[in-house]
Amino acid sequence: MHLSKLEQLEPFTTLDDSTIREIVGPAWTPARNQSLAEATVPVGGQTIAHYHRQAEELYFFTAGRGRMTLGDEQRDVGVGDCVVIPAGETHQLVNTGDEPLVLLCCCAPAYAHEDTVLIEDPSG
């Protein structure tokens with residue numbers, strides 16, 4: 001049985017400029033088809049608009065407030081909200097609150113830098 005402990009995991013920065021702690025992933029756990037991470041966007045921060053060629057993502061928000069852009073749609077998000085992000089769909093997250101925006105991010109297949117495509121100007 002594999003057991004991950006969040007408090008023991010070292011954070012790193014992904015290509016979209018969010019700080020994550022990978023809870024489960026194929027590189028170091030028995031999981032083969034997905035990954036789970038805790039991501040944090042600091043107060044006043046935002047991710048770089050991007051999409052994933054193959055990975056579908058789920059964002060489940062556990063702390064803070066933000067604005068999620070998915071394709072042409074924008075919505076306010078907060079604790080208890082979950083967003084489904086289809087593969088190939090451009091998305092961006094902005095922290096609009098006064099505390100860190102924290103979410104669990106599940107990717108299937110598992111997150112990989114090589115699957116991430118950054119968008120310099122999401123409006124065109």
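Being a predicted model, the structure only gives us computed values, none of them experimental. Just so you know, these numbers use all the heavy atoms, side chains as well, and skip hydrogens, waters and symmetry mates.
When the side chains of ILVMFWY residues are joined at heavy-atom separations under 4.5 Å, either directly or via intervening members, Leu9 and Val24 end up in a single hydrophobic cluster. Both Leu104 and Trp28 sit in one connected hydrophobic cluster of ILVMFWY residues. Membership requires side-chain heavy atoms under 4.5 Å apart, directly or through other members.
Legend: salt bridge (Lys or Arg N to Asp or Glu O under 4.0 Å) pairs involving residues 88-99, not counting sequence neighbours: none detected. Residue pairs meeting the salt bridge (Lys or Arg N to Asp or Glu O under 4.0 Å) criterion with at least one partner in residues 18-36, sequence neighbours excluded, are Arg21-Glu38.
For Ser18, the side-chain contact (heavy atoms from CB on, under 4.5 Å) criterion is met by Thr14, Asp16, Ile20, Thr47, not counting sequence neighbours. Under the rule for a side chain to side chain donor-acceptor pair (under 3.5 Å), the partners of Ser4 that lie at least two apart in sequence or sit in another chain are His2. In this structure Val117 satisfies the side-chain contact (heavy atoms from CB on, under 4.5 Å) test together with Tyr51, Arg53, sequence neighbours excluded.
Across Pro11 and Thr19, no two heavy atoms sit closer than the pair CB-CG2, 3.7 Å. Minimum interatomic distance between Ser35 and Ala110 (heavy atoms only, all atoms of both residues): OG-CA, 3.6 Å.
Taking Ile, Leu, Val, Met, Phe, Trp and Tyr as hydrophobic and joining them when side-chain heavy atoms fall under 4.5 Å apart, one finds Val83 in a cluster with Val41, Tyr59, Phe61, Met68, Leu70, Val77, Ile85, Leu93, Leu101, Leu103.
For the pair Asn95 (side chain) and Pro42 (backbone), a donor-acceptor distance under 3.5 Å is present. For the pair Asp17 (side chain) and Ile48 (backbone), a donor-acceptor distance under 3.5 Å is absent.
Taking the six-membered ring where the residue is Trp, His91 and His52 present tilted rings, their angle falling between 30° and 60°.
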Leu58 and Val84: CA distance, side-chain angles, deciding distance, side chain to side chain contact (heavy atoms under 4.5 Å, CB included) verdict: CA-CA 5 Å; Leu58 302 176; Val84 177; 3.7 Å; yes

